[in-house]
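Residues: numbered from 1 along the sequence shown. Below, all heavy atoms of this structure are taken into account, side chains as well, without hydrogens, waters or symmetry copies.
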Amino acid sequence: MRIGVLGTGNMADALATHWVRAGHDVTIGGRDAHKAERLATRVGGSAEPGGLRAAAEFGQVVLAALPFGAGAEVARDLHAALEGKVLLDCSNPVGPGFRLLTEGGPSAAQQLAVAAPGAHVVKAFNLCHEDVWRMRPPVFDGRPLAVPVCGDDETAFAYAHDLVRDVGCEPVAGGGLERAGLLEATAALFIGLWVGEGADAQAIAPPLAYAAGPSHQETEGGTAAVR
């Protein structure tokens, strides 16, 4: 697969490294040619440096590894090059006080879709710190990290699922792009719990068997009483 990466920061580094190791061809694009070249050299393998437009034109899938606000601006400038492409958004619109910067308006992913209406935008890879994505692979207590994916196009969804698996994670269907804002709000909540409160955000959810309430309960004698 040909993958274009917009951005030269930590998320670009972490994900591009996995994808090169998985055998994909990657072009890393940035406004600063020297930063793009340094990152491509660090990633190694098939990674090549280029400008933002070169990366957008190269990729069948294009990762927007850009800060919130900058992503829509870049997508607007590159909308023609992004026509028909899968555009992966991993941004988190989270500001001071762990506040959601979209403030009830369109999600960051939906803003990309408006800026590049011919692209197939998919939201993924936004719930974890970049160092988690550097793990080989991100597995905790023997279980691969699950990655929610939101998007409207079936082919784009399939590409995104493959790229999630290439990172060593398990994709989870999160619904259409209109649900991307829920992922972004979840990131704001989790970051606030992790960083602001030092709390274990994972502990707020019960096991899957109890998600809709326990279907049975162990009695004192060890037999199950069905309710």
Side-chain angles (χ1 to χ4, degrees), residues 9-11 13-15 18 63-69 71 88-113 121-152 157 160-220 222 224-227:
N10 290 326
M11 286 297 290
D13 185 353
L15 294 175
H18 280 291
L63 173 69
L66 299 163
F68 173 63
L88 277 176
D89 174 38
C90 64
S91 69
N92 274 323
V94 180
F98 314 110
R99 180 171 58 90
L100 194 62
L101 297 177
T102 50
E103 297 182 335
S107 66
Q110 287 173 313
Q111 291 179 36
L112 284 187
V121 177
V122 176
K123 187 81 183 187
F125 298 110
N126 75 303
L127 292 184
C128 297
H129 189 274
E130 60 263 16
D131 286 343
V132 172
W133 303 121
R134 296 183 197 277
M135 294 174 67
R136 301 178 57 186
V139 172
F140 302 93
D141 296 326
R143 185 171 65 176
L145 182 70
V147 179
V149 179
C150 292
D152 294 330
F157 221 57
H161 279 215
D162 286 344
L163 291 175
V164 167
R165 292 189 183 98
D166 287 337
V167 175
C169 300
E170 189 63 32
V172 176
L177 195 65
E178 77 279 357
R179 294 177 63 84
L182 299 179
L183 276 185
E184 295 168 8
T186 299
L189 173 64
F190 279 12
I191 294 168
L193 290 173
W194 286 324
V195 179
E197 303 295 334
D200 182 1
Q202 193 176 39
I204 68 177
L208 178 60
Y210 289 80
S215 59
H216 60 80
Q217 181 177 324
E218 290 287 319
T219 66
E220 281 189 29
V226 179
R227 295 181 179 242

- With a 4.5 Å heavy-atom cut-off, do R99 and L101 have their side chains touching? yes
- Task: Side-chain contact test, heavy atoms from C-beta onward, threshold under 4.5 Å: evaluate it for V195 versus H129 and give yes or no.
- Result: no
- Query: Is the closest side-chain heavy-atom distance between S107 and E178 below 4.5 Å?
  - Reply: no
- Item | Nearest-0.5 Å distance, CG of residue L189 to CG of residue L182 | 12.0 Å
- Any donor-acceptor pair under 3.5 Å from N126 side chain to N92 backbone: no
- Quick one: closest heavy-atom pair of V172 and A146, and the distance? CG2-CB, 3.7 Å
- Task: Could you tell me whether the side chain of F190 reaches within less than 4.5 Å of the side chain of V94, counting heavy atoms only?
- Result: no
- Message: Does I204 have more than 12 heavy atoms from other residues, nucleotides or ligands lying within 6.0 Å of its CD1?
- Response: yes
- Query: What heavy-atom pair brings P171 and V149 nearest, and what distance separates the two atoms?
  - Reply: CB-CG2, 4.5 Å
- Please report the shortest heavy-atom distance between A109 and E184, naming the atom on each side. N-OE2, 3.2 Å
- Measure the CD-CG distance between Q202 and L193 for me, rounded to the nearest 0.5 Å. 12.5 Å
- Taking side chain as C-beta onward, heavy atoms only, is P93 less than 4.5 Å from L100? yes
- To the nearest 0.5 Å, what is the distance between CZ (F125) and CG (D89)? 12.0 Å
- Kindly say whether G71 contributes a backbone atom to a donor-acceptor pair with the side chain of Q111 at under 3.5 angstrom? no
- Message: Just checking R165: does its CZ atom have more than 12 heavy atoms from other residues, nucleotides or ligands closer to it than 6.0 angstrom?
- Response: yes
- Residue pair L145 / M135, side-chain heavy-atom distance below 4.5 Å: no
- Task: With salt bridge (Lys or Arg N to Asp or Glu O under 4.0 Å) as the test, would you mind laying out the steps for E170 and R143 before giving the verdict?
- Result: CA-CA 9 Å; E170 189 63 32; R143 185 171 65 176; over 6 Å; no
- Taking every heavy atom of G174 against every heavy atom of C150, the minimum-distance pair comes out as O-SG, 3.5 Å
- Heavy-atom pair of closest approach, residues A201 and W194: CB-NE1, 3.3 Å
- Task: Might you point out which heavy atoms bring L88 and A124 nearest each other, and give the distance in Å?
- Result: CD2-CB, 4.4 Å
- Query: Given side chains that start at C-beta, do those of W133 and N10 come closer than 4.5 Å, heavy atoms only?
  - Reply: no
- Query: If only atom types and distance count, is the side chain of K123 paired as donor or acceptor with the main-chain N or O of S91 below 3.5 Å?
  - Reply: yes
- Task: Give, for atom CD1 of I191 and atom SG of C128, the distance between the pair rounded to the nearest 0.5 Å.
- Result: 10.0 Å
- Item | Side-chain heavy atoms of D13 within contact of R134, under 4.5 Å | yes
